[in-house]
Every structure is written in C-alpha cells, then in structure tokens.
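Have a look at the structure below, then the notes.
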Amino acid sequence: MTEEKSLNFIEEIVENDLSSGKYASIVTRFPPEPNGYLHIGHAKSICLNFGLALKYGGKTNLRFDDTNPVTEETEYVESIKDDIRWLGFKWANEFYASDYFDQLYEFAVKLIKKGLAYVDDSTSEEIAELKGTPTTSGKESPYRNRSVEENLKLYEEMKAGKFKDGEKVLRAKVDMAHVNMLMRDPIIYRIKHAHHHRTGDTWCIYPMYDFAHGQSDAIEKVSHSICTLEFVPHRDLYNWLIEKLEIYPSKQYEFARLNMTYTMMSKRKLLQLVNEKIVSGWDDPRMPTLVGARRRGYTPEAFRDFCDRIGVAKRDNLIDISLLEFCLREHLNKIALRRMVVFDPVKVVITNFPEGRTEMLPSENNPEDTNSGIRELPFSRVLFIEKDDFMENPAKKYFRLAPGQMVRLKSAYIIKCKNVVKDSAGNITELHCTYLPESKSGSDTSGLHVKGTIHWVNALTALPIEARLYDRLFTAEDMSAIEGDFKEHINPDSLKIQQVYAEPSLANASTGQSFQFLRMGYFCLDKDSSSEQLVFNRTVTLRDTWAKSVK
RNA sequence: UGUCCGAUGGUGUAAUGGUAGCACAGAAGAUUUUGGUUCUUUUAGUCAGGGUUCGAAUCCUUGUCGGACAACCA
C-alpha cells in the first residue's frame with residue numbers, strides 16, 4: 001500500500017467528526033466574492049474545500065458572496081466558474097448569497113422580534129466613535145432601545161426605499177463592552193440604492209458579510225465552513241447569530257492564507273495594475289491570477305500538486321515560488337513536446353555538406369514519453385545555432401563549440417569548428433564547420449564521444465516567431481512587508497520580447513499547447529498569435545546548473 | 001495598554017509524552033545525443049527561561065517575537 005500521508009488539522013477535524021458520527025457526510029463550500037479574478041491564493045482554498053469533499057465523500061457548493069452590489073459584476077462570476085473548472089473541480093450546486101435575500105430579510109425580522117436587533121439612525125462616524133477601540137469599551141447608541149414595533153416598522157421602511165444611503169442601518173444588539181469589536185452591535189443591514197448583478201433593483205438594503213455568510217452556510221447545511229485566518233474574530237459573531245436565529249449549526253474553521261515570494265495576492269492592488277495598464281489585463285501572463293497563469297502555460301496539475309505540497313496550517317507563511325516552479329517543471333517535463341528554437345542566432349556553414357541538399361532527420365517528440373512519436377527536421381548546409389553555444393576562447397569545463405572543437409547537433413551530426421568568420425568590426429558572422437557523415441544520430445559509427453549537444457535550426461526553413469520572456473513581476477521577496485507604494489517594486493524587466501527562429505513543425509501548434517524549447521525553457525502558444533506571426537509565452541525556464549556554476 | 005491566533009533547518013510541512021522525518025532550495029558526485037530528466041550523497045532545525053515526567057517539539061508557567069482586530073468591504 002501507499003505510504004500513509006499525515007493529515008492536516010482540518011482533515012483531522014473532519015475525520016473525527018465522521019468517525020464520531022457527528023456527520024454522515026460533509027458539505028463544504030467555496031465562497032468567492034465576484035469582484036475580481038481568482039488568484040493562486042484562491043487555488044489553495046479551492047483545492048482544500050473541493051479536495052476535502054472528494055476525499056471524504058461529500059459535496060462542495062460554489063457560492064458567490066454577492067452582498068455588495070457596488071463592486072460586483074457578472075464578468076467576474078463567469079471567470080471564477082471558468083477557473084474552478086480549469087483547475088479540475090466540479091461544484092455540487094451553484095448558489096448565490098443573493099438567492100437568500102428574502103430569507104435573510106426574514107432572519108433579520110426574527111432577530112428584531114427577539115429584541116436582538118435595532119435600527120440605528122447614527123451616522124457612520126457616530127457609530128465608529130461609539131464603537132470604542134480594541135482596548136477601550138464601546139458605548140451604546142441612543143437608538144439602541146427602540147421598541148420592537150418601531151424597529152420592525154423602520155426596517156420595513158428601509159426595505160421599501162424610504163431612506164437614503166447611510167441614513168439608517170440595522171444592527172444586532174449584542175454587547176458594546178465586548179472585548180471582540182465585532183460583537184459590539186455589528187451592522188447587519190445597510191442601505192444601498194445600487195443595481196445588483198442578479199437581483200437588479202429589487203433591493204435597496206443589503207446584508208453585511210456577517211449576516212450573510214454564516215446564514216448561507218446554515219441554509220446549505222454546510223458542515224465545515226473553511227476560511228482564512230482573518231476571520232477568526234468573526235467566529236464569535238458567526239456562532240452567536242446561528243444560535244439566536246436557531247438555524248443549522250455550521251462550524252467555521254480557519255487556516256493561513258497562501259503567501260508566495262515575489263508575488264502579491266491583494267485583489268485591490270491587482271485591480272490597480274489592470275486599471276493603470278501596468279499589465280495588459282487580468283490575464284497578463286505575469287499576473288498571479290489563474291487566468292494569467294493559464295495563459296502563461298501553467299497547468300492545473302501543477303497547481304493541484306503544489307497545493308498538496310504546501311500543506312494547510314495556521315501559521316503565517318511565505319512559500320518559495322521555486323516550489324511552484326518545481327511542480328510546473330515536473331508536469332511539463334512529462335507532457336511537453338520538444339522543439340528546437342534558436343534565440344540568438346549565429347550562422348553555421350557546413351562546408352563539406354553539399355549545397356542545395358536537404359536531409360530529413362527524425363527526432364523524438366519527448367524522451368520522457370515513448371508514445372509521443374517523432375517529427376522530421378530539415379538539415380542542410382547552412383544552420384543557426386545559439387551564439388552562446390560558441391566561445392572563441394572557451395572557459396574551462398565549457399563543452400560546446402569552440403575553434404577546433406567538436407559538438408553534437410541534437411538528432412543530427414557531430415560538427416567540428418574549422419574557421420571563424422568576422423566582419424570588419426570583429427563580430428563573428430559565420431562559423432565554418434565540417435560534419436562527420438558517420439556520426440549521424442541513431443546510426444553513429446564514428447566512435448567519438450563529444451561532451452556537448454546543442455540545438456540548432458535549418459537556416460532556410462527556420463520559422464521566425466515571437467517569444468515573450470517573462471520574469472517575476474515584483475522585485476521584493478516579501479511584498480506584504482514593503483511600506484509605501486508597491487509599484488516601486490515592479491520589475492522593469494518582467495517582459496522581454498524577442499524574435500527567434502524555430503523549427504518548421506511549430507507552425508502547427510495550437511493555442512495553449514505547451515512545448516519545451518530544448519535547453520531554453522517551456523513555452524506555450526499565446527492567443528495573440530496570427531497566421532503571420534506566432535507568439536509563444538515562456539512559461540518557465542529549465543533548471544540551469546551551468547549558468548549557476550558560471551556565476 | 002486589551003483580546004485572539006501563532007512560533008520546528010534558508011522556505012514549507014510532519015512527528016498527537018517515547019529515534020526530530022519529508023519536500024523545495026543549497027552543495028558534491030554519477031548517468032545523459034537537452035549543462036534538461038533520472039539516481040546517489042550531503043549541509044542545516046524544535047523562539048527563550050523555569051517547571052511536571054524515567055522521558056517534552058509536544059503538557060504547565062513566564063517572557064520574547066510575528067500576525068489579526070477600531071470598513072455601512074468580504
């Protein structure tokens with residue numbers, strides 16, 4: 001059997017609840033607010049919530065927490081659904097907090113009737129003033145002791161649109177002296193004469209998060225309501241409302257959100273990058289959004305593996321982005337077809353190869369996958385190789401091409417450098433080489449062992465393509481620690497565009513398809529491609545131990 | 001100043017009173033028609049003090065450090 005993997009603290013809770021018979025099966029939910037695109041941090045939550053239900057035989061609802069019409073849009077709803085599907089998860093139900101507005105209204109009425117909620121006419125400032133501070137207790141509002149009848153009437157008038165935005169709020173009557181600020185008579189309904197993306201203009205009062213989230217959980221009979229650490233103080237209120245409303249007792253558990261090096265997860269700041277056109281959009285391949293990562297060439301398999309590896313705990317964390325890249329490379333290595341592309345070409349003339357002749361040479365599509373087959377590469381007298389793959393005065397342990405030295409051309413022949421041609425300025429323009437006909441790949445009888453193998457393309461048939469080379473968007477390791485304007489820490493070199501030369505088979509690539517450009521990295525075809533110009537995004541470089549040792 | 005949450009190699013995460021383990025990152029080597037992959041080996045850790053115990057990363061206590069909390073956001 002496979003090794004027993006240790007459980008995270010939430011799995012432990014679930015297993016205990018299941019074995020004790022507290023629940024026959026579990027219900028979780030993923031509750032995004034449709035006011036932005038999902039990012040990598042959400043992926044952790046999605047994998048956790050859906051993963052739990054999958055592992056323990058339960059179900060997961062997708063529920064949009066759409067209680068603030070001012071910031072929410074249908075565009076976001078669609079993108080969120082897309083991203084979850086892309087990650088590979090299926091929700092049992094698609095729900096909206098706005099589906100429950102009628103019921104939520106009735107819940108509030110019930111609270112009023114129990115004498116546990118009141119309409120407050122205080123201004124926002126007055127409410128804040130009376131709220132106290134974390135270290136000093138609050139004071140009661142002068143409107144706190146209105147009669148049930150008056151509250152009922154006022155609340156109904158709020159709903160009917162009799163008041164302007166901010167003129168009145170409905171507050172739960174808890175305890176203004178509570179050590180937990182959230183328990184100091186929290187606002188549960190506010191007036192917003194705003195168009196809602198689903199309910200239109202039906203409502204002009206909307207519940208606050210605390211009066212929607214737990215209630216929605218209860219309505220759906222969510223057994224384990226899993227959220228991030230910043231909601232810990234809300235748990236008191238969550239439980240208080242469930243108790244007073246006498247509804248299904250969902251339980252809230254909190255875990256530490258994902259933070260990653262050189263990355264920023266704040267939806268507000270990401271929106272800023274989009275609005276200020278610092279990036280091309282939510283799906284800019286440099287964005288930590290799921291759409292961005294997808295366009296960049298990240299795979300759902302890599303994300304799921306990553307989420308599995310980072311674990312779930314309650315301490316703040318800052319995950320090294322190299323772990324994500326490791327997961328990515330591991331997956332891409334298995335699935336990406338190999339192709340040869342020369343980025344910075346220097347011309348190689350094979351002086352003993354007949355002019356006008358083209359030979360087709362087979363090359364494996366992926367050495368890690370024997371089922372991936374081969375493709376044919378044209379080889380003739382004039383080729384391009386990478387400038388970096390030649391050194392006139394080779395460094396020690398450099399085993400690529402140098403004057404008088406031999407190197408293997410991948411899937412082709414061993415060549416030997418005979419002559420270096422330069423222009424008047426001393427720049428290398430051509431390398432004159434000879435090839436060893438008996439060293440042909442697959443039928444090599446030369447008996448020679450060369451240390452280096454390099455990639456190349458046939459000059460005549462080379463396909464010019466655009467390569468977009470991405471680097472991290474931010475320069476600071478811990479973006480949450482920076483003070484001042486985060487935009488001062490944007491990497492000016494996060495995108496470099498280069499015209500490069502590809503083997504002809506790349507003309508058949510389809511959008512989103514991943515390739516390994518030999519020795520250069522993983523790339524995928526971008527949607528910006530046209531028939532005249534193919535565009536490839538660099539997903540991630542290959543590990544490069546040589547570059548490291550040179551440095 | 002208060003309440004709550006947390007603290008294990010560089011980074012994550014296990015060990016649930018009984019050998020501090022795993023992964024990433026780093027280092028060294030082997031293999032390789034990708035300086036990729038793969039395979040070896042290796043560096044490095046329980047926040048501090050006190051207590052309970054035959055035995056403490058784990059329990060108690062004090063302290064230190066980090067985070068959260070004073071939106072009509074979620």
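Throughout, a chain's letter reflects where its sequence line sits, starting with A, and its residues are numbered from 1.
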Given that A/Asn35 and A/Gly311 both sit by RNA chain B, which one's nearest nucleotide is further toward the 5' end?
-> A/Gly311
Kindly indicate whether a cation-pi arrangement holds for A/Lys192 with A/Tyr206, taking the cut-offs as under 6.0 Å to the six-membered ring centre and within 45° of the axis.
-> no
Taking only side-chain nitrogens and oxygens of A/Ser124, does any of them come within less than 4.0 Å of OP1 or OP2 of B/rC72?
-> yes
Round to a whole Å and report the spacing from NZ of A/Lys410 to C1' of B/rG36.
-> 10 Å
Its dot-bracket string being built from Watson-Crick and G-U pairs below 3.5 Å, with | for another strand and [ ] for crossing, RNA chain B has the pattern .((((((..((((....[..)))).(((((.......)))))....(((((..]....))))))))))).....
Between A/Ser6 and B/rA15, does any side-chain N or O lie under 4.0 Å from OP1 or OP2?
-> no
Is there a side-chain polar atom (N or O) of A/Arg315 under 4.0 Å from OP1 or OP2 of B/rU13?
-> yes
Mind calculating the distance between CG (A/Asn180) and P (B/rA70) to the nearest angstrom?
-> 10 Å
Assert: residue with more 5' nearest nucleotide on RNA chain B, out of A/Gly132 and A/Asp444, is A/Asp444
Does the B/rU37 base have a donor-acceptor partner in the side chain of A/Arg329 within less than 3.5 Å?
-> no
Under 3.5 Å donor-acceptor pair, A/Arg543 side-chain atoms to B/rG35 base atoms | no
Taking N and O atoms by type only, does the side chain of A/Arg408 place a donor or acceptor under 3.5 Å from a partner on the base of B/rU33?
-> yes
Think A/Arg268 has a side-chain N or O under 4.0 angstrom from the OP1 or OP2 of B/rC73?
-> no
Detail all sub-3.5 Å separations between protein N/O atoms and N/O atoms belonging to nucleotides 44-47 of chain B.
none

B/rG36 base / A/Glu368 side chain donor-acceptor hit below 3.5 Å = yes
Could you give the CG-to-C1' distance, from A/Leu328 to B/rU37, as a whole number of Å?
-> 16 Å
Starting from C1' on B/rC72, measure out to OH on A/Tyr189 and report it in whole angstrom.
-> 14 Å
Base B/rA74 paired with A/His234 side chain (donor-acceptor, <3.5 Å) | yes
Can you tell me if the side-chain N/O atoms of A/Lys548 get under 4.0 Å from OP1 or OP2 in B/rG26?
-> yes
